[in-house]
Amino acid sequence: MNAPKRLVHLDFHTSPEIEGIGARFSKENFQAALKKGHVESITVFAKCHHGLFYYPTKVGRMHPHLDFDLVGAETEAAHEIGVLAPVYITAGWSAGDADAHPEWVMKRRDGTPIATPNYKTEYPDAPLGHCAWQLLCLNDGAYARHIYEITEEISTRYPRLDGLFYDICTNGSMCFCDECRAGMKEMGLDPESDADAKKYFKIKHRAFMQKCCDILKKYHPTATVFFNGTVGQYNPEYHEFDSQYEMENLPTAWGGYNALPLRAKVFSHKGKPVVGMTGKFHRDWGEFGGFKTKEALKYEVAAMAMYGAAASVGDHLHPDGEMEGETYQNIGYAYEYAERIAPYSFGGKNVSTLGVYPSTDRNDYEANEGISSMLIEAGLDYDVVHENNFADFDTVIIPAGTHLESGARDALKDYLSAGGKLFLEADALVEDGKFAIDLGFEYLGAPQHDNDYILAKAVSDAPILCNHPAHRIHAAGGEILAEGLPPYFNRTLRHYCGHKNTPHDKNAERFPSIIKKGNVIYSAHPLSKQYFEYGSIYHKRAFLSALAALYTDPVCTVSGLMSQGRASLIEQEKEKRYCLHLLYATPTKRGNTEVVEDFPTIYHADATLRTDKKIKSVAFPLSGEEIPFTQKEGFVTFTVPSFSCHTVITIEY
């Protein structure tokens, strides 16, 4: 069957001190909630972060106040109405296991336990912050063997098992517990070397995942498996073990509303289903009594769909096992809409000719996401360069910090030789102190100032502060699009001026900040990091004005959406149509949370599509209403009269 598009992740982390566990669970209530929520798949809990089990177990401790097989009851109820029910197993956090087996806890080099920041032991009755757990070692040792036993028990207990979801699987990058130290020595690695410890961590985590997969597939060959914590473009060594990519991102709690597009675009090329994961909560996981509005959920689910991702909404079951009607009413409002737009969201390909080659180093995530944010806020859809397919793009952007392997460097050289266009910044493509390919100018070194200034005449007549200063280059010819100015001096105890940063020295020699030479534009300032961290519109404008000097012929443009609007175009060749998704909302910071509340109507969004195909119709597929259009000299133009929150337009040929 096709991968589900509307999922729920049903947390159930329940204290052993609470009685009446599951006392109000009923098949009828459970099924009614799933139907109301238009849910296709719900992940139910076998073992939680307290280390407790929710079925009769021989390898662990069943919750002391549960007197029936809750996992079995939930899965049976779901299956009876055609809903999938993969089963959750906590891995990296388990309080009961950490208390009973302190030797299973991850250790620092000095032997102290590794835990989340809120974990406390000094004052048991003091208030406890959220996510307070010790981290358990999954490096294929004793605790990992316990997870294998759980996997075997669940796999043999339930004749139908749709899948397993292992949580908290890649905490940290090193462990120095006794078992890991001994294992490193046995493998010929040095426990005193961070590099060797990281190497061992990856090898053993891969072994853990492989063994879990082997056990599950022995009994349930078609079941799915997912290891939460592995879905980042910065740890590709774990991707092969996941059946699907569930991208956990609660935009109200971390990541924000701009984090999804880049991740969805990266994983859409990996040949497996992609799922965006948010929560029903006002803010964060496990927030009892916290609700995101149904309209906000609709916005988030539509955003996932427009970037080709299915949706998973996190919920937390009350200890008594009764599903909450308000939650599934809200989820159903969003999922009913997701169901309607699904035919126009999946099974297509991005047709943008603007490519981004994101760094695979997690230290560069700010640059990656900064580039993505500036583009989508400008209404510029893009795709990621995958397997060195530079030739698919008119223009390619390489963010600060990005390094290329030799094969990618050769492909980039061929792309540039064939007339391709390149925008890069700061230390992108710098290897051993110089550019790895000939770009027509010379890299001289890292910044020498703590901050400096950019003077981009297309943006402002005044110099603009750059908290991330410029890298140094020698510009041999080329067109200077923006200049840089140094401060009088770096800010120190001995030399400082005023409250914050040293002003620019008007008499100092200017240096190139943005330079264009042929089909290459180089920004000495890492504008991506600058924008991600500080959000100055001036830096975004400097970036976009420079990019416009290269990228002059987008496949699709939409005007009238403003910076909070989003546009994404896919082509569904089988259905002989393009699908244009438009999205608009205004996430607003209130307290410590980004809230989506208002959905103003957007009027008169003008769209232009460049295509050589003869267009037959332009329409709103959900209503059947047709939109007048013109096609002339390879361009199709039309006006979207109005929409609120989200709409999809089909352009059939």
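Throughout, numbering of the chain's residues begins at 1 and tracks the sequence.
Counting only N and O atoms by type, the side chains of Asn228 and Glu246 include no donor and acceptor under 3.5 Å apart. For the residue pair Glu248/Trp285, the side-chain donor-acceptor check at 3.5 Å is satisfied. A donor and an acceptor atom, one from each side chain of Thr353 and Asp394, are nowhere located under 3.5 Å apart. Using modelled atom types, one finds a donor on one side chain and an acceptor on the other under 3.5 Å when comparing Asp315 with Tyr328. If you check the side chains of Thr639 and Asp606, you find a donor sitting under 3.5 Å from an acceptor. His38 and Glu336 form no side-chain donor-acceptor contact under 3.5 Å, judged by distance and modelled atom types alone. Remark: the Thr630 side chain and the Thr637 side chain contain an N/O donor-acceptor pair separated by less than 3.5 Å.
Side-chain contact check for Thr43 versus Val8: every heavy-atom pair is 4.5 Å or farther apart. Looking at Leu429 and Thr402, their side chains never come closer than 4.5 Å, going by heavy atoms from C-beta outward. Looking at heavy atoms from C-beta onward, Val396 lies in side-chain contact with Tyr415 at the 4.5 angstrom threshold. Between Glu40 and Lys5 the shortest side-chain heavy-atom distance falls below 4.5 Å. Annotation: side chain of Thr552 is in contact with side chain of Lys421 (closest heavy-atom distance under 4.5 Å). Annotation: side chain of Phe30 is in contact with side chain of Met323 (closest heavy-atom distance under 4.5 Å).
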### side-chain contact (heavy atoms from CB on, under 4.5 Å) between Tyr578 and Ile570, intermediate numbers included
CA-CA 6 Å; Tyr578 298 97; Ile570 62 170; over 6 Å; no

### Task
Starting from the C-alpha separation in whole Å, work towards a yes-or-no answer on side-chain contact (heavy atoms from CB on, under 4.5 Å) for Val87 and Leu161.
CA-CA 8 Å; Val87 173; Leu161 184 60; 3.6 Å; yes

#### Entry: Lys272/Asp242 under salt bridge (charged side-chain N to carboxylate O under 4.0 Å, His left out): CA gap, chis, key distance, verdict
CA-CA 9 Å; Lys272 298 177 184 178; Asp242 293 318; over 6 Å; no

### Task
Any chance you could lay out the side-chain contact (heavy atoms from CB on, under 4.5 Å) test for Leu609 and Ile651, step after step, and finish with the verdict?
CA-CA 9 Å; Leu609 169 65; Ile651 304 104; 4.0 Å; yes

### Message
Run the side-chain contact (heavy atoms from CB on, under 4.5 Å) test on Tyr166 and Phe226 for me, step by step, so that the C-alpha distance in whole Å, both residues' side-chain angles and the decisive distance to 0.1 Å come before the verdict.
### Response
CA-CA 6 Å; Tyr166 297 89; Phe226 179 67; over 6 Å; no

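Here Lys576 does not pair with Glu652 in a salt bridge; the nearest charged N to carboxylate O distance is not below 4.0 Å. Using a cutoff of 4.0 Å between basic side-chain nitrogens and carboxylate oxygens, Arg590 and Glu597 are scored as salt-bridged. Salt-bridge formation is detected for the pair Lys613/Glu571: a Lys NZ or Arg NE/NH1/NH2 atom is positioned less than 4.0 Å from an Asp or Glu carboxylate oxygen. Ion pairing between a basic and an acidic side chain is recognised when a charged N comes within 4.0 Å of a carboxylate O; Glu300 and Lys292 show such pairing. Between Glu594 and Lys589, none of the side-chain N atoms (NZ, or NE/NH1/NH2) sits under 4.0 Å from a carboxylate O, so this pair counts as no salt bridge. The residues Glu287 and Lys280 are annotated as not salt-bridged, no charged nitrogen and carboxylate oxygen being separated by less than 4.0 angstrom. With respect to Asp381 and Lys265, a salt bridge is recorded, a charged nitrogen being found less than 4.0 Å from a carboxylate O.
For an aromatic pair to be called close, the ring centres must be under 6.0 Å apart, and Tyr365 with Phe532 satisfies this. Annotation: Phe423 is not in aromatic contact with Tyr551 [ring centroid separation under 6.0 Å not met]. Note: His9 and Tyr88 meet the aromatic proximity criterion, with ring centroids under 6.0 Å apart. Here Tyr534 and His539 keep their ring centres 6.0 angstrom or further from each other. Proximity of the aromatic rings of Tyr299 and Tyr257 is defined here by a centroid distance below 6.0 angstrom, and this criterion is met. Ring pair His646/Tyr337: centre-to-centre distance below 6.0 Å.
The OH atom of Tyr333 sits 5.5 Å away from atom NZ of Lys294, with the distance rounded to the nearest 0.5 Å. One finds the CG atom of Leu380 at 8.0 Å from the OG atom of Ser352 (value rounded to the nearest 0.5 Å). Atom CG of Asn368 sits about 8.0 Å away from atom OG of Ser528, to the nearest 0.5 Å. In this structure, Ile514 CD1 and Ser545 OG are separated by 6.0 Å, a value rounded to the nearest 0.5 Å. With rounding to the nearest 0.5 Å, the separation of CD in Glu377 from OG in Ser563 is 6.0 Å. Atoms NZ and CZ, on Lys616 and Arg577 in that order, are 13.0 Å from each other to the nearest 0.5 Å.
Around atom CZ of Phe165, more than 12 heavy atoms belonging to other residues, nucleotides or ligands sit under 6.0 Å away. More than 12 heavy-atom neighbours from other residues, nucleotides or ligands sit within 6.0 angstrom of OH on Tyr234.
Classification of the His239-Tyr245 ring pair by plane angle, with boundaries at 30° and 60°, yields perpendicular. Below 30°, between 30° and 60°, or above 60°: for His386 and His269 the angle between ring planes is below 30°, a parallel geometry.
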